[in-house]
Peer 1: 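Let me give you the structure first, and then I'll get to my questions.
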Amino acid sequence: MLVTEDRPPLDGLPLDSVLEIWVNMLLWSGLAPTVQHMVHADLTFSESVVLRMLQRTPLNVADVASCISITQSAASRVVDRLVHDGYVSRQENPEDRRQKQLMLTDQGKGLIDRMEEIFVQATRPILKALSSSERDRFRALLVKMVASQGCCP
(Lines give C-alpha, C1' and ligand atoms only; values in the text may rest on other atoms or scores of the structure.)
Protein backbone atom coordinates (compact mmCIF):
# COMPACT_ATOMS: atom_id res chain seq x y z
CA MET A 1 0.00 0.00 0.00
CA LEU A 2 1.41 3.37 -0.98
CA VAL A 3 0.99 6.34 1.30
CA THR A 4 -0.85 9.03 -0.64
CA GLU A 5 -3.09 11.94 0.23
CA ASP A 6 -6.03 9.49 0.03
CA ARG A 7 -4.42 6.85 2.24
CA PRO A 8 -3.13 7.34 5.76
CA PRO A 9 0.29 5.98 6.71
CA LEU A 10 0.17 2.38 7.89
CA ASP A 11 1.52 3.39 11.31
CA GLY A 12 -1.68 5.34 11.96
CA LEU A 13 -4.07 2.49 11.11
CA PRO A 14 -5.76 0.34 13.75
CA LEU A 15 -4.71 -3.31 14.07
CA ASP A 16 -7.80 -4.62 12.26
CA SER A 17 -7.03 -2.48 9.20
CA VAL A 18 -3.37 -3.47 9.10
CA LEU A 19 -4.36 -7.12 9.58
CA GLU A 20 -6.73 -6.88 6.62
CA ILE A 21 -3.98 -5.39 4.45
CA TRP A 22 -1.51 -8.06 5.63
CA VAL A 23 -3.92 -10.93 4.90
CA ASN A 24 -4.61 -9.55 1.42
CA MET A 25 -0.88 -9.16 0.80
CA LEU A 26 -0.25 -12.78 1.82
CA LEU A 27 -3.14 -14.06 -0.25
CA TRP A 28 -2.24 -12.20 -3.40
CA SER A 29 1.47 -12.91 -3.25
CA GLY A 30 0.95 -16.63 -2.49
CA LEU A 31 -2.33 -17.30 -4.24
CA ALA A 32 -1.30 -16.73 -7.86
CA PRO A 33 1.52 -19.30 -7.93
CA THR A 34 -0.58 -21.75 -5.89
CA VAL A 35 -3.51 -21.46 -8.32
CA GLN A 36 -1.10 -21.92 -11.23
CA HIS A 37 0.01 -25.20 -9.64
CA MET A 38 -3.63 -26.23 -9.13
CA VAL A 39 -4.33 -25.57 -12.82
CA HIS A 40 -1.21 -27.51 -13.81
CA ALA A 41 -2.40 -30.41 -11.62
CA ASP A 42 -5.89 -30.11 -13.20
CA LEU A 43 -7.39 -29.52 -9.77
CA THR A 44 -10.55 -27.49 -9.26
CA PHE A 45 -10.98 -25.13 -6.33
CA SER A 46 -13.58 -27.47 -4.76
CA GLU A 47 -11.20 -30.40 -5.08
CA SER A 48 -8.44 -28.35 -3.50
CA VAL A 49 -10.69 -27.48 -0.56
CA VAL A 50 -11.64 -31.13 -0.08
CA LEU A 51 -7.99 -32.15 -0.05
CA ARG A 52 -7.24 -29.47 2.55
CA MET A 53 -10.14 -30.68 4.71
CA LEU A 54 -8.93 -34.26 4.46
CA GLN A 55 -5.55 -33.07 5.66
CA ARG A 56 -7.10 -32.56 9.10
CA THR A 57 -9.46 -35.52 9.39
CA PRO A 58 -11.10 -38.31 7.41
CA LEU A 59 -14.53 -37.40 6.02
CA ASN A 60 -17.45 -39.02 4.25
CA VAL A 61 -19.25 -37.66 1.18
CA ALA A 62 -21.98 -36.05 3.32
CA ASP A 63 -19.29 -34.18 5.30
CA VAL A 64 -17.71 -32.97 2.07
CA ALA A 65 -21.07 -31.74 0.77
CA SER A 66 -21.78 -29.90 4.01
CA CYS A 67 -18.33 -28.33 4.30
CA ILE A 68 -18.28 -26.86 0.81
CA SER A 69 -22.04 -26.21 0.55
CA ILE A 70 -22.83 -28.43 -2.41
CA THR A 71 -25.27 -31.29 -2.95
CA GLN A 72 -24.28 -34.81 -2.03
CA SER A 73 -24.33 -35.82 -5.70
CA ALA A 74 -21.97 -32.94 -6.58
CA ALA A 75 -19.74 -33.89 -3.62
CA SER A 76 -19.75 -37.47 -4.82
CA ARG A 77 -18.53 -36.35 -8.26
CA VAL A 78 -15.75 -34.27 -6.65
CA VAL A 79 -14.70 -37.24 -4.53
CA ASP A 80 -14.92 -39.67 -7.47
CA ARG A 81 -12.50 -37.51 -9.46
CA LEU A 82 -10.09 -37.22 -6.53
CA VAL A 83 -10.19 -41.00 -6.07
CA HIS A 84 -9.71 -41.55 -9.82
CA ASP A 85 -6.70 -39.19 -9.85
CA GLY A 86 -5.16 -41.05 -6.90
CA TYR A 87 -5.35 -38.21 -4.35
CA VAL A 88 -8.02 -39.77 -2.11
CA SER A 89 -8.89 -43.30 -1.06
CA ARG A 90 -12.20 -44.72 0.12
CA GLN A 91 -12.00 -47.06 3.08
CA GLU A 92 -14.54 -48.77 5.23
CA ASN A 93 -15.43 -46.64 8.24
CA PRO A 94 -14.46 -48.70 11.31
CA GLU A 95 -17.31 -47.12 13.30
CA ASP A 96 -19.99 -47.74 10.63
CA ARG A 97 -19.18 -50.39 8.05
CA ARG A 98 -22.00 -49.16 5.78
CA GLN A 99 -20.20 -45.88 5.31
CA LYS A 100 -17.05 -45.09 3.34
CA GLN A 101 -14.37 -42.95 4.93
CA LEU A 102 -12.32 -40.68 2.69
CA MET A 103 -8.61 -40.28 3.35
CA LEU A 104 -5.70 -38.59 1.62
CA THR A 105 -3.34 -40.90 -0.20
CA ASP A 106 0.41 -40.31 -0.20
CA GLN A 107 -0.04 -38.72 -3.63
CA GLY A 108 -2.73 -36.39 -2.22
CA LYS A 109 -0.51 -35.47 0.74
CA GLY A 110 2.33 -34.75 -1.67
CA LEU A 111 0.14 -32.46 -3.78
CA ILE A 112 -1.04 -30.49 -0.74
CA ASP A 113 2.52 -30.30 0.63
CA ARG A 114 3.72 -28.94 -2.73
CA MET A 115 0.94 -26.32 -2.84
CA GLU A 116 1.82 -25.21 0.70
CA GLU A 117 5.49 -25.05 -0.23
CA ILE A 118 4.69 -22.89 -3.27
CA PHE A 119 2.58 -20.54 -1.13
CA VAL A 120 5.27 -20.22 1.54
CA GLN A 121 8.05 -19.68 -1.00
CA ALA A 122 6.00 -16.98 -2.76
CA THR A 123 5.30 -15.13 0.50
CA ARG A 124 8.79 -15.53 2.00
CA PRO A 125 10.11 -12.25 0.45
CA ILE A 126 7.69 -10.34 2.71
CA LEU A 127 9.87 -11.32 5.69
CA LYS A 128 12.88 -9.55 4.19
CA ALA A 129 11.47 -6.29 5.53
CA LEU A 130 12.23 -7.54 9.06
CA SER A 131 15.55 -7.64 10.85
CA SER A 132 16.76 -10.89 12.35
CA SER A 133 15.49 -9.98 15.82
CA GLU A 134 12.15 -8.81 14.39
CA ARG A 135 11.78 -12.15 12.55
CA ASP A 136 12.46 -13.95 15.85
CA ARG A 137 9.76 -11.90 17.62
CA PHE A 138 7.35 -12.38 14.69
CA ARG A 139 7.96 -16.14 14.81
CA ALA A 140 7.27 -16.20 18.55
CA LEU A 141 4.00 -14.30 18.02
CA LEU A 142 2.95 -16.64 15.21
CA VAL A 143 3.68 -19.67 17.42
CA LYS A 144 1.55 -18.16 20.18
CA MET A 145 -1.37 -17.45 17.83
CA VAL A 146 -1.24 -20.87 16.16
CA ALA A 147 -0.99 -22.66 19.51
CA SER A 148 -4.00 -20.73 20.83
CA GLN A 149 -6.12 -22.22 18.05
CA GLY A 150 -5.10 -25.80 18.73
CA CYS A 151 -3.61 -26.07 15.23
CA CYS A 152 -0.20 -27.34 16.22
CA PRO A 153 0.97 -30.48 14.40
Side-chain angles (χ1 to χ4, degrees), residues 1 13-130 132 134-153:
M1 169 186 247
L13 293 176
L15 176 60
D16 286 346
S17 297
V18 176
L19 183 60
E20 181 180 340
I21 293 165
W22 181 70
V23 166
N24 281 314
M25 182 179 62
L26 283 177
L27 284 175
W28 286 114
S29 50
L31 197 56
T34 304
V35 169
Q36 287 172 350
H37 187 72
M38 284 173 50
V39 169
H40 180 72
D42 195 28
L43 195 67
T44 67
F45 184 73
S46 293
E47 292 166 347
S48 173
V49 171
V50 170
L51 292 175
R52 295 302 303 247
M53 292 182 331
L54 288 171
Q55 203 177 17
R56 289 186 165 199
T57 186
L59 302 170
N60 60 42
V61 173
D63 296 331
V64 168
S66 176
C67 287
I68 58 176
S69 300
I70 60 175
T71 65
Q72 272 199 274
S73 62
S76 186
R77 286 190 298 274
V78 168
V79 168
D80 286 346
R81 186 155 180 255
L82 291 170
V83 169
H84 177 267
D85 291 346
Y87 300 129
V88 171
S89 67
R90 285 188 184 100
Q91 299 175 3
E92 189 176 274
N93 184 339
E95 296 173 12
D96 183 352
R97 295 176 56 190
R98 297 169 294 168
Q99 201 175 62
K100 295 294 181 187
Q101 188 171 316
L102 306 170
M103 300 182 75
L104 279 180
T105 62
D106 288 342
Q107 185 178 346
K109 289 175 189 170
L111 178 62
I112 291 297
D113 288 348
R114 179 67 183 128
M115 287 173 28
E116 287 177 352
E117 180 184 330
I118 288 168
F119 192 95
V120 169
Q121 289 297 333
T123 56
R124 187 165 276 139
I126 294 168
L127 296 175
K128 290 184 179 179
L130 302 177
S132 179
E134 288 171 330
R135 281 193 300 274
D136 289 342
R137 285 191 313 226
F138 184 61
R139 181 194 168 284
L141 292 170
L142 286 175
V143 166
K144 184 176 183 176
M145 289 185 289
V146 169
S148 76
Q149 299 302 304
C151 300
C152 295

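Residue indices begin at 1 and follow the sequence shown. Reckoned from all heavy atoms, side chains included, excluding hydrogens, waters and symmetry mates.
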Peer 1: Report the residues that fulfil side chain to side chain donor-acceptor pair (under 3.5 Å) with Ser17, sequence neighbours left out, ordered by chain and then residue number.
Peer 2: none
Peer 1: Whether the side chain of Ser76 engages the backbone of Ser73 through a donor-acceptor N/O pair (distance < 3.5 Å, no angle test) should be reported.
Peer 2: no
Peer 1: Looking at Asn60 and Ala62, would you say the former's side chain and the latter's main chain have a donor-acceptor pair under 3.5 Å?
Peer 2: yes
Peer 1: Roughly how far, to the nearest 0.5 Å, is CG of Leu104 from CE of Met53?
Peer 2: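 Met53 CE to Leu104 CG: 10.5 Å, rounded to 0.5 Å.
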Peer 1: Nearest heavy-atom pair of Pro94 and Gln101: which atoms, and what distance?
Peer 2: CD-OE1, 3.2 Å
Peer 1: CG of Asp80 to CG of Asp85: how many Å apart, nearest 0.5 Å?
Peer 2: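 If we round to the nearest 0.5 Å, Asp80:CG and Asp85:CG are 11.0 Å apart.
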Peer 1: Scan for salt bridge (charged side-chain N to carboxylate O under 4.0 Å, His left out) pairs involving residues 30-45, sequence neighbours excluded, and state none if there are none.
Peer 2: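 Qualifying pairs: Asp42-Arg81.
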Peer 1: To the nearest 0.5 angstrom, please state how far the CZ atom of Arg137 sits from the CG atom of Leu130.
Peer 2: 9.0 Å
Peer 1: For the residue pair Val61 and Leu102, what are the closest heavy atoms and their distance?
Peer 2: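 Minimum heavy-atom contact is N-CD1, 4.0 Å.
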Peer 1: With Leu54, which of Thr105, Val79, Val49, Leu59 fulfils side-chain contact (heavy atoms from CB on, under 4.5 Å)?
Peer 2: Leu59
Peer 1: Go through Asp113 and Glu117 one step at a time and tell me if the side chain to side chain contact (heavy atoms under 4.5 Å, CB included) criterion holds.
Peer 2: CA-CA 6 Å; Asp113 288 348; Glu117 180 184 330; over 6 Å; no
Peer 1: Do Gln55 and Leu51 make a side-chain contact, defined as non-hydrogen atoms from C-beta onward lying under 4.5 Å apart?
Peer 2: no
Peer 1: Sequence neighbours left out, cut at 3.5 Å: what donor-acceptor pairs do the side chains of residues 26-39 make with other protein atoms?
Peer 2:
| unit_1 | atom_1 | unit_2 | atom_2 | d |
| --- | --- | --- | --- | --- |
| Ser29 | OG | Met25 | O | 2.6 |
| Ser29 | OG | Leu26 | O | 3.4 |
| Thr34 | OG1 | Gly30 | O | 2.7 |

Peer 1: Please report the C-alpha distance between Leu13 and Ile21 in whole Å, then the side-chain angles of each, then the deciding distance to 0.1 Å, and finally whether the side chain to side chain contact (heavy atoms under 4.5 Å, CB included) criterion is met.
Peer 2: CA-CA 10 Å; Leu13 293 176; Ile21 293 165; 3.7 Å; yes
Peer 1: Please report the closest heavy-atom contact between Ser48 and Met115, naming both atoms and the distance.
Peer 2: OG-CE, 3.4 Å
Peer 1: May I ask you to test the Arg52-Glu116 pair for a side-chain heavy-atom distance under 4.5 Å?
Peer 2: yes
Peer 1: Enter the distance from Lys128:NZ to Arg135:CZ here, rounded to the nearest 0.5 Å.
Peer 2: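 CZ of Arg135 is found 9.5 Å from NZ of Lys128.
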Peer 1: Say you draw a straight line from CG of Asp136 to CG of Leu141; how long is it, rounded to the nearest 0.5 Å?
Peer 2: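 Separation between the atoms: 11.0 Å.
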Peer 1: Testing Met145, Arg139, Lys144 one by one against Leu142 for a side-chain contact (heavy atoms from CB on, under 4.5 Å), which residue passes?
Peer 2: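 So the option named by the test is Met145.
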Peer 1: Between atom CD1 of Ile70 and atom CZ of Arg77, what is the distance when rounded to the nearest 0.5 Å?
Peer 2: 8.0 Å
